[in-house]
Amino acid sequence: MKITILTIFPEFFDRFLDNSIVKRAIAKGVVTFEIANIRDYSLDKNHRVDDHPIGGGAGLVMRLEPLVSCLRSHSNEKSHKIYLGPRGKSFTQKDAIRLSRMEDLVLVCGHYEGVDARFSSYVDEELSIGDFILTGGEIPAMAIADSVTRLLKGAISEDSTKEESFDDDLLEYDQYTYPLEFEGKRIPEILFCGNHEVVSSYRHRESVILTYEKRRDLFDRRRYSKKDYEILMSYLEGKKEEDKKEKEALEKGKKFLPKS
């Protein structure tokens with residue numbers, strides 16, 4: 001795969017390309033990166049790529065000409081072109097998987113107050129990494145490039161990507177390593193039973209419960225099996241018992257509370 005990033009801050013990516021999984025993937029020939037400087041395509045003698053918004057308003061807007069010229073110089077008919085901006089669809093693991101199957105990705109980093117609205121007709125899609133404001137698209141570009149790269153065959157061990165958070169809209173189960181006990185906190189005994197089927201069933205139960213507790217948005221959009229439904233009902237019944245015991249404990253302890 002080839003990933004091209006269009007930016008006005010190419011030096012931003014120096015450390016990103018020289019670290020961890022991305023660096024190893026490049027060394028193995030799994031992926032190649034090209035970082036293109038949008039300023040090189042500016043028509044302005046000072047290489048400016050921005051201007052004041054038509055109609056007035058705060059900030060500056062990236063001009064259309066350098067963006068389009070840079071995009072055309074670093075893409076072809078096979079390229080999948082993505083603009084990174086706040087109006088885009090929220091990027092998910094499903095998008096990472098989808099993009100990892102492509103041969104040529106071009107990520108365009110916006111900046112300032114955004115880009116000339118007409119630029120949207122020159123890209124295939126717009127993506128966002130969340131409902132918050134950043135100074136530019138460089139951090140989203142790194143996030144997307146990293147999540148896609150790690151899915152490419154040969155980038156990391158295939159076992160590392162078999163069971164992960166967001167697969168099937170579930171969070172991954174809790175993971176542990178040694179020591180067996182630390183400050184009174186023990187690793188669940190069931191993980192030492194030696195029965196892979198039992199461990200797998202336990203981990204699936206934990207994934208369902210974790211998703212329900214921590215990411216209700218994921219939980220609500222997932223289609224659950226009868227087994228998953230039974231897991232959740234059992235868990236909620238247990239919670240009712242815990243809540244009941246806690247309430248009883250509070251009731252018993254009232255006499256020890258200072259009077260208001």
Side-chain angles (χ1 to χ4, degrees), residues 1 3 19-31 89-102 105 127-130 140 142-246:
M1 169 182 277
I3 299 177
N19 277 280
S20 188
I21 291 169
V22 171
K23 181 179 181 179
R24 293 198 297 271
I26 293 171
K28 290 179 179 179
V30 172
V31 63
K89 170 185 173 292
S90 291
F91 181 75
T92 67
Q93 183 66 11
K94 286 183 173 63
D95 292 308
I97 294 169
R98 171 174 61 87
L99 297 179
S100 72
R101 294 170 180 155
M102 297 181 178
L105 290 182
L127 291 175
S128 167
I129 61 167
M142 287 193 291
I144 291 174
D146 182 271
S147 64
V148 169
T149 297
R150 66 185 301 280
L151 292 172
L152 300 177
K153 187 174 182 179
I156 59 176
S157 166
E158 289 187 23
D159 289 341
S160 298
T161 60
K162 281 184 178 178
E163 295 181 28
E164 297 188 305
S165 288
F166 310 116
D167 284 349
D168 199 22
D169 286 329
L170 282 178
L171 295 179
E172 189 176 14
Y173 46 81
D174 287 339
Q175 298 276 19
Y176 304 89
T177 188
Y178 296 96
L180 302 181
E181 183 174 346
F182 181 76
E183 295 184 349
K185 300 175 180 64
R186 289 187 59 83
I187 295 173
E189 297 289 339
I190 195 171
L191 297 176
F192 298 99
C193 73
N195 187 319
H196 295 299
E197 188 174 334
V198 170
V199 171
S200 179
S201 178
Y202 167 78
R203 284 175 165 171
H204 179 74
R205 176 181 181 278
E206 293 300 294
S207 288
V208 172
I209 293 170
L210 280 170
T211 306
Y212 177 81
E213 287 287 348
K214 296 182 180 295
R215 287 292 305 274
R216 194 65 62 85
D217 58 321
L218 289 177
F219 184 88
D220 288 343
R221 75 188 188 203
R222 185 176 184 272
R223 296 188 66 175
Y224 286 86
S225 65
K226 183 179 178 180
K227 178 182 177 182
D228 293 339
Y229 177 80
E230 291 171 352
I231 287 172
L232 185 60
M233 289 300 101
S234 174
Y235 170 69
L236 292 177
E237 283 300 318
K239 287 288 286 183
K240 284 181 183 178
E241 288 300 316
E242 287 179 19
D243 292 342
K244 182 180 177 182
K245 289 177 182 178
E246 186 174 341

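Not measured: the values here are computed from a predicted model. Hydrogens, waters and symmetry mates are skipped; everything else that's a heavy atom, side chains included, is used. Position 1 is the first residue of the sequence, and the numbers go up from there.
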task: Check Ala155 against Val30 and note the closest heavy-atom contact, atom names and distance.
output: N-CG2, 4.1 Å
- prompt: Taking the side chain from Ser200 and the backbone from His196, do they hold a donor-acceptor pair closer than 3.5 Å?
  reply: no
Test item: Ile26 and Val31 side chains (from C-beta on) under 4.5 Å apart, heavy atoms: yes
query: Side-chain contact, heavy-atom cut-off 4.5 Å: Met142 with Ile129?
result: no
- prompt: Under the 3.5 angstrom rule, does the side chain of Asp220 hit a backbone N or O of Asp217 as a donor-acceptor pair?
  reply: no
task: To the nearest 0.5 Å, tell me how far Lys239 NZ sits from Leu232 CG.
output: 11.5 Å
- prompt: Is the shortest heavy-atom distance from the side chain of Asp228 to the side chain of His204 under 4.5 Å?
  reply: yes
field: Qualifying residues under side chain to side chain donor-acceptor pair (under 3.5 Å), relative to Lys226, sequence neighbours excluded
entry: none
Lys/Arg N to Asp/Glu carboxylate O, Glu237 vs Lys240, below 4.0 Å: yes
task: Answer yes or no: does atom OH of Tyr229 have more than 12 heavy-atom neighbours from other residues, nucleotides or ligands under 6.0 Å?
output: no
message: Within the structure provided, determine whether Lys153 and Met1 are in side-chain contact (heavy-atom separation under 4.5 Å).
response: no
- line: Taken to the nearest 0.5 Å, the spacing of Glu241 CD from Leu236 CG works out to 12.5 Å
Partner set under ring-ring contact (aromatic ring centres under 6.0 Å, His included) for Tyr224, not counting sequence neighbours: Phe219
query: Any side-chain heavy-atom pair from Leu127 and Leu99 closer than 4.5 angstrom?
result: yes
Donor-acceptor contacts, no H, no angles, side chain residues 186-195, under 3.5 Å, sequence neighbours left out:
unit_1: Arg186; atom_1: NE; unit_2: Glu189; atom_2: OE2; d: 3.4
unit_1: Arg186; atom_1: NH1; unit_2: Glu181; atom_2: OE1; d: 3.0
unit_1: Arg186; atom_1: NH2; unit_2: Glu189; atom_2: OE2; d: 2.7
unit_1: Asn195; atom_1: OD1; unit_2: Glu197; atom_2: N; d: 3.0
unit_1: Asn195; atom_1: OD1; unit_2: Val198; atom_2: N; d: 3.2

- prompt: To the nearest 0.5 Å, how far apart are OG1 in Thr149 and CD1 in Ile156?
  reply: 10.5 Å
For the student: nearest non-hydrogen atoms of Ile231 and Arg205, plus distance: CG2-CG, 3.5 Å
task: Tell me, yes or no, whether the heavy-atom count around Arg101 atom CZ, taken from other residues, nucleotides or ligands under 6.0 Å, exceeds 12.
output: no
- line: Heavy atoms of Val148 and Leu105 approach each other most closely as CG1-CD1, 4.2 Å
field: Distance (rounded to the nearest 0.5 Å) between Asp146 CG and Leu151 CG
entry: 9.5 Å
- line: Rounded to the nearest 0.5 Å, the CZ atom of Arg203 sits from the OH atom of Tyr173 at a distance of 4.0 Å
- request: Please name the pair of heavy atoms, one in Leu170 and one in Ser207, separated by the smallest distance, quoted to 0.1 Å.
  value: CD2-O, 3.9 Å
message: I need the minimum non-hydrogen distance between Gly154 and Lys28, along with the two atoms involved.
response: O-NZ, 3.0 Å
field: Distance in Å, Ser147 OG paired with Ile21 CD1, rounded so as to fall on 0.5 Å steps
entry: 11.0 Å
message: Measuring only between side-chain heavy atoms, which start at C-beta, is Arg222 closer than 4.5 Å to Leu218?
response: no
query: Is any side-chain heavy atom of Tyr235 closer than 4.5 Å to a side-chain heavy atom of Val208?
result: no
message: Any heavy-atom pair between the side chains of Arg150 and Ser20 that's under 4.5 Å?
response: no
